[in-house]
Every structure is written in structure tokens, then in C-alpha cells.
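Reviewing the structure listed below.
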Amino acid sequence: MPELPEVETIRRTLLEHVKDLKIEEITLIWPSAVCGWQDKSFEGLATGRRIKTIERRGKYLLIMLDEDLTLIAHMRMTGRLNYFAESQEPEKHTHVVFRLEHGELHFSDVRKFGRIQAIPTPLCISESSLRKLGPEPLEKEFTPEVLKERFGKKKVFLKAALLDQTVLAGMGNIYVDESLFLAGLSPNRRVDTLSKEENLRLHRAIQNVLQAGIDARGTSFRDYRDANGEKGSFELALQVYGRGGEPCRGCGQTLERIRLAGRTTVYCSRCQN
DNA sequence: ACTAACCTGTAA
DNA sequence: TTACAGGTTAGT
């Protein structure tokens with residue numbers, strides 16, 4: 001489910017509720033959802049710690065606790081983090097319950113792909129999958145030159161390159177297809193064939209689409225909800241994702257639906273070259 | 001560079 | 001019954 005705009009929305013809505021709260025008790029309903037550090041258990045490390053802040057890196061949420069402990073959470077496809085002011089009965093797919101000083105935090109995931117890992121904060125980047133991530137697309141350091149440099153000597157399809165988290169962190173199937181439509185570029189193009197002007201257009205499209213996604217509080221095409229259980233509204237603004245076979249909003253031609261880089265890909269063969 | 005695997009639910 | 005789903009990774 002969540003790509004950068006959804007994870008960012010979860011981060012913001014969660015932080016409002018849990019900042020400075022102590023984790024008083026952790027109940028593992030499905031223990032495989034969490035992972036400790038070396039010989040120490042997840043619940044042993046995190047219980048009694050206070051939540052200082054929550055950051056985001058790509059699609060990862062970094063819940064930073066006192067005493068130099070960080071919980072790295074990844075929602076994969078259907079993971080959710082929900083805050084409840086009152087104690088709640090866990091739902092069918094709730095795997096972890098954090099009892100806080102005030103209220104509870106529930107981690108749920110229908111498909112059981114999502115994970116939360118406890119790790120000492122100083123090792124949070126060097127010893128985790130964060131190490132390999134590409135730049136943050138909304139930071140000012142991410143310029144058109146950086147985008148070109150990240151593509152490097154690759155010859156892969158644009159679609160594959162933008163989905164690659166080591167090239168750029170945070171884009172997934174929705175925002176890649178939307179960015180390519182906005183940039184007027186075909187997902188079938190090889191990254192090494194972009195002109196300077198096309199590279200500029202792509203860079204601008206990526207930033208515009210991700211920012212619009214955040215402003216709309218994410219895309220609730222299917223399962224996504226924020227920490228309050230509320231939907232986003234970016235699905236109303238989607239130009240191509242999920243619209244295969246329907247008319248292009250730009251030119252009216254039927255949108256193509258193909259399989260590329262192992263993922264369903266929708267684009268307009270007239271507007272995107 | 002592609003596919004299978006990890007899982008469950010929903011829609012065709 | 002089968003195909004497919006906002007992701008990642010380990011295997012050809």
C-alpha cells in the first residue's frame with residue numbers, strides 16, 4: 001500500500017498523538033511481525049521507552065525512542081498503524097498492540113508482509129535496509145542533475161528505474177505511473193535515452209506528483225488509511241493508475257495496460273513518448 | 001532481468 | 001476457480 005505520500009501522512013497523523021508518550025506494554029499477537037536486535041527481543045528492547053519523534057526515509061517509518069532505540073516500520077502492501085485514544089479490542093489482522101501512557105497503537109496487516117524492527121539508533125542506517133536507499137525526492141538536494149546521476153549508466157526501462165529504491169527512495173507503482181504521465185514519458189523508454197529537457201520534465205513531475213499526493217493525504221485506492229483510520233483523496237486525482245482501458249483525460253485515447261518490471265503499468269501511448 | 005515467494009481478500 | 005493487489009527479496 002503505502003508509498004512516500006502515504007507513509008508521510010501516517011508519520012504526521014501518528015506523531016500528533018504519540019509524541020513523548022511512553023510504551024508501557026507490548027503484546028505480540030503474531031510475533032513474526034517484529035524483529036529484535038541480536039539476542040534481545042523486540043518487546044524487551046522497546047517496552048518502557050518513550051517516543052521522541054517519528055521520521056520517514058523512503059517508505060520506511062522511523063519511530064525514534066529514548067535511550068538510542070529506533071523502531072523501523074515498513075507497511076509493504078497492506079500494513080497499518082492506528083492510534084486509539086481508548087483501549088481497543090484487536091481486530092482480525094492486528095499483529096502487535098503497543099499500550100501507551102495514553103491510548104494504544106495497533107499494527108495490523110492483512111497480508112502479513114509488513115515488519116517492525118528494533119535497532120540501536122546509531123546503527124539505524126548502517127545496519128538496515130535503509131543503507132541502500134537512493135535520495136529523498138522532495139529534499140532540495142534532489143535536483144535534475146542528481147536524477148540523471150542516479151540513472152547513471154543503466155539501460156533499464158524508466159518504469160523499472162523509478163521503482164528501484166536504490167535509485168530514488170519512496171516511489172511505488174501508483175506514483176511512478178502518475179509521474180510518467182505528467183512528464184509525458186513512456187514507461188518503455190530506456191533511462192539512457194532521455195534528453196536534458198525530458199530529464200527536467202521528469203524531475204519536476206516526480207516532485208509535483210509526490211507533493212500533490214501528500215497534500216491529498218495519500219491514495220486510498222484500496223486499503224490505505226492514516227493513523228486515525230482516515231482515507232486520503234488522491235485516488236480522485238489519478239490520471240492513469242487503475243484506469244487501464246478507460247479514456248486518457250488528456251486526449252481521449254484508450255489507456256494501455258501492460259506488464260512492465262513485473263508490475264501492471266498504465267499509460268497513454270499518444271501523450272507519453 | 002525476470003519469476004517465485006511471502007500472505008489474505010476481493011473481484012472477475 | 002483464477003487473477004490480481006500501493007512491496008521487497010532471494011532465487012534462477
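Worth knowing before you read on, the calculation uses all heavy atoms, side chains too, and leaves out hydrogens, waters and symmetry mates. Letters go in sequence order (proteins before strands), and every chain restarts at 1.
- Taking the P atom of each, C:dA3 and B:dT3 are spaced 15 Å apart, rounded to whole Å.
- Nucleotides C:dG6 and B:dA12, compared at atom P, are 16 Å apart to the nearest Å.
- Between B:dT10 and C:dT8, the distance separating the two C1' atoms is 23 Å to the nearest Å.
- Between C:dG6 and A:Y241, a contact under 4.0 Å exists linking OP1 or OP2 to a side-chain N or O.
- Glycosidic conformation, B:dG9: anti, with the torsion outside 90° of 0.
- Distances shown here put every side-chain N or O of A:R222 at or beyond 4.0 Å from the OP1 or OP2 atom of B:dG9.
- Contact check for A:P137 versus A:L4: side-chain heavy atoms found under the 4.5 Å cut-off.
- In this structure the side chain of A:N82 never reaches within 4.5 angstrom of the side chain of A:Q88, judged on heavy atoms.
- For A:Q272 (side chain) and A:L185 (main-chain N/O), a donor-acceptor pair under 3.5 Å exists by modelled atom type.
- In this entry B:dC7 has no Watson-Crick or G-U wobble partner, no candidate having both defining distances under 3.5 Å.
- The side chain of A:R259 lies closest to C:dA5 when the candidates are C:dT9, C:dG6, C:dA5.
- In this structure, the nucleotide among C:dT8, C:dG6, B:dA1 sitting nearest to the side chain of A:Q165 is C:dT8.
- At whole-Å resolution of the value, NZ in A:K59 and P in C:dG7 are 4 Å apart.
- The pair A:E197-A:R201 meets the salt-bridge criterion, with a side-chain N (NZ, NE, NH1 or NH2) lying under 4.0 Å from an Asp/Glu carboxylate O.
- In this structure, CZ of A:R111 is placed 11 Å from P of B:dC7, rounded to the nearest angstrom.
- The separation between A:M77 atom CE and C:dA5 atom C1' is 5 Å, rounded to whole Å.
- The CG atom of A:L163 lies 8.5 Å from the CD atom of A:E3; values are rounded to the nearest 0.5 Å.
- OP1 or OP2 of B:dT8 has at least one side-chain nitrogen or oxygen of A:K112 nearer than 4.0 Å.
- Listed pair A:T264 / C:dA5 meets the phosphate criterion, a side-chain N or O lying under 4.0 Å from OP1 or OP2.
- When the P atom is used for both C:dG11 and B:dC7, the distance is 16 Å, rounded to whole Å.
- Per the geometry, CD belonging to A:Q117 stands 11 Å off P belonging to C:dT9, to the nearest Å.
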Next item on the list: Apply ring-ring contact (aromatic ring centres under 6.0 Å, His included) to the pair A:F221 and A:Y241, showing each step before the final yes or no.
Entry: CA-CA 9 Å; A:F221 190 83; A:Y241 180 84; 5.1 Å; yes
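- Between the side-chain ring of A:Y224 and the base of C:dG6, no stacking contact exists by the 5.5 Å and 30° definition.
- C:dT2 and B:dA4: their P atoms are spaced 16 Å apart (whole Å).
- Between B:dG9 and A:H93, a contact under 4.0 Å exists linking OP1 or OP2 to a side-chain N or O.
- Looking at the side chain of A:V110, the nearest of the listed nucleotides B:dT8, C:dA5, C:dT8 is B:dT8.
- The A:R257 side chain lies nearest to C:dA5 when the options are C:dT8, B:dC7, C:dA5.
- Stacking of A:F113 onto the six-membered ring of B:dC7 is not present when judged by under 5.5 angstrom between centres and under 30° between planes.
- What separates NZ of A:K92 from C1' of B:dT10 is a distance of 12 Å, to the nearest Å.
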